[in-house]
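Numbers restart at 1 for each chain; the letters A, B, ... are given by sequence-line order, proteins then strands.
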Number of protein chains: 2
Amino acid sequence: MPESKSKLFNDQGELVVPKAVVGRLSLYLREVQHLIRDGKETTNSTELGKLLGVTDAQVRKDLAYFGQFGHPGVGYRCQELVAAIKSIMGTNTIWNVALVGIGNLGRALLRYKGFHEQGFQIVAAFDVDDNVIGTKVEGVDVFHIRDLASMVTAQSIRLVAISVPSHAAQAVVDQVVEVGIEGILNFAPVTISVPSKVRVIGVDLAMELEQLAFTVVNRDSKS
Amino acid sequence: MPESKSKLFNDQGELVVPKAVVGRLSLYLREVQHLIRDGKETTNSTELGKLLGVTDAQVRKDLAYFGQFGHPGVGYRCQELVAAIKSIMGTNTIWNVALVGIGNLGRALLRYKGFHEQGFQIVAAFDVDDNVIGTKVEGVDVFHIRDLASMVTAQSIRLVAISVPSHAAQAVVDQVVEVGIEGILNFAPVTISVPSKVRVIGVDLAMELEQLAFTVVNRDSKS
DNA sequence: TAGATTGTTAATCGATTAACAATC
DNA sequence: TAGATTGTTAATCGATTAACAATC
């Protein structure tokens, strides 16, 4: 867990980490994991900055938000840094995740190996289609969504990925919120409403292509 | 196309649009399209701001970067606004897209309806596996990647989505760059290198879950 | 030690917000 | 007209960078 560095907290005792820093933290983690795979023992802010396309100062500042795990004159020890970032992000332990919506995308997510490598395990899948309920997809049982509550409790599920059609998204969201889910990864291309205690990250694939089209059309705009 | 508003260009004649604005532009587009579906004729900065969770001032400022398409006392006419944003983003015409990598995710992308709705058409798919080459997936022909160049030319393909295994990503990227592709949507969880003229957007699904885990663990941090 | 590199401060830069005259 | 809402300016806020003393 993040150490109690005084600078991390504001007057109300709330953790204050700029959103942009959190985004880069995942990128640092990914790069350092690759460096380890390539046999590197240590790295430094200059190297990481080059890999990510940010300044060395920014790398140091970002990491220093969470404590001091660099070594002056040496840099950052890769294993140490990975452990520190995972601990900060909460991925030093495994998260059980539920998936709602066994369509094209849902199946692809069930088969996707990348989640497990980063500490996420899809342990139950839900749908409303009788043709898939009761089957297993990639070793994961598919339940009727009415069984959500019991599975969430039984498996200590805190996160849900939602890959249902847009028109069904809000209703599903309401149900997962009802059973106490804390975070939602929403693949439906709609804005969803949740109580403020619940966290949402939206991934809209068409929107990503749109962003790409914009940067291509306006070639010279700031990346 | 964006009008030649003087404020959009810097001393070197380059378009200057803050990255954050571009991201919100897609969100505005999505919301206004939903408002139209709900039968609304006009909207305004306050309404859009509430839908997106930003201030009304920000909505007006963002849109004003690209010209004046609001109507004082009235707001924004939905149809007009959609047309304007599409024109700015370059999605007022259809983009032909190629897909490389027909695995789990690749197949899901081929079947995904959301792309077409926003003006993107996957017109050719590529792989190196003889078992899929020559077949059709969701009506799209699968070719050997060696046929990339000819298809790109024949179909005027400017964008590519890459859903190959991480270890193959950079080699594929080099090939698509070689044939003149202008933008890459990279689903492989690795940083790729491209010449500066080529645009890249990376989508790392595990990283999205990681971000979600962080916000759940650090509940009180700035959203 | 000399060289390398961190963590942190102060200066810079950029993005957001508040306020309001202009407009319909 | 009166009321509503824009586009834009100036003020505020936050994030990035440069520089450097502290450290190994």
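- A donor-acceptor contact under 3.5 angstrom links the side chains of A:Glu31 and B:Thr191, judged on distance only.
- Regarding contacts with the backbone of D:dT16, a side-chain N or O of A:Arg24 is found under 4.0 angstrom from either OP1 or OP2.
- In this structure, B:Asn44 contributes its side chain and B:Thr46 its backbone to a donor-acceptor pair below 3.5 Å.
- To the nearest angstrom, C1' of D:dT9 lies 13 Å from CZ of B:Arg60.
- More than 12 heavy atoms of other residues, nucleotides or ligands shown are found within 6.0 angstrom of CD on B:Gln121.
- Straight-line distance from the CZ atom of A:Arg77 to the C1' atom of D:dT23: 13 Å, rounded to whole Å.
- Between the side chain of A:Arg158 and the main chain of A:Gly183, no donor-acceptor pair closer than 3.5 Å is present.
- Enclosure of atom CD in B:Gln79 is not indicated, since only 12 or fewer non-hydrogen atoms of other residues, nucleotides or ligands lie within 6.0 angstrom.
- Ranked by how close their nearest DNA chain D nucleotide is to the 5' end, A:Gly73 and A:Gln58 are led by A:Gln58.
- Residues A:Ala213 and B:Thr91 approach most closely at CB-CG2, 4.4 Å, considering heavy atoms.
- Protein atom NZ of B:Lys19 is 18 Å distant from nucleotide atom C1' of C:dT16, rounded to whole Å.
- The interatomic distance linking A:Phe69 (CZ) with C:dG7 (P) rounds to 8 Å, in whole Å.
- Of the residues in residues 30-45 of chain A, none has a non-hydrogen atom less than 4.0 angstrom from any atom of DNA chain D.
- Atom-to-atom, CG of A:Asp56 to P of C:dT6 comes out at 8 Å; the value is rounded to the nearest Å.
- Proximity of a side-chain donor or acceptor of B:Lys19 to a complementary backbone N or O of B:Val17 within less than 3.5 Å is not detected.
- For the residue pair A:Asp174 and A:Gln170, a side-chain donor N or O sits within less than 3.5 Å of a side-chain acceptor on the partner.
- In this structure, the side chains of B:Glu80 and B:His71 come closer than 4.5 Å at one or more pairs of heavy atoms.
- In secondary-structure terms, DNA chain D builds stems of at least 3 consecutive Watson-Crick or G-U pairs, each pair having both distances under 3.5 Å, at C:3-24 with D:3-24.
- Between D:dA15, C:dT6, D:dT17, one nucleotide has an atom nearer to the side chain of A:Pro18 than all others, and that is D:dA15.
- Counting only distance, with no hydrogens or angles, the side chain of B:Asn96 and the backbone of B:Gln155 share a donor-acceptor pair below 3.5 Å.
- Look at A:Thr55 and you'll find a side-chain N or O under 4.0 angstrom from OP1 or OP2 of D:dT17.
- Side-chain N/O atoms of B:Tyr76 include one lying less than 4.0 angstrom from OP1 or OP2 on D:dG7.
- Atoms CZ (A:Phe66) and P (C:dG7) sit 13 Å apart, rounded to a whole Å.
- Considering only side-chain N and O atoms, A:Gln68 lies under 4.0 angstrom from the phosphate OP1 or OP2 of C:dT8.
- Between A:Lys61 atom NZ and C:dC13 atom C1' the separation is 14 Å, expressed in whole Å.
- Candidate nucleotides D:dG7, C:dA18, C:dG7 were compared by shortest atom distance to the side chain of A:Ala64, and C:dG7 ranks first.
- As a whole-Å value, the separation of B:His71 NE2 from D:dG7 C1' is 13 Å.
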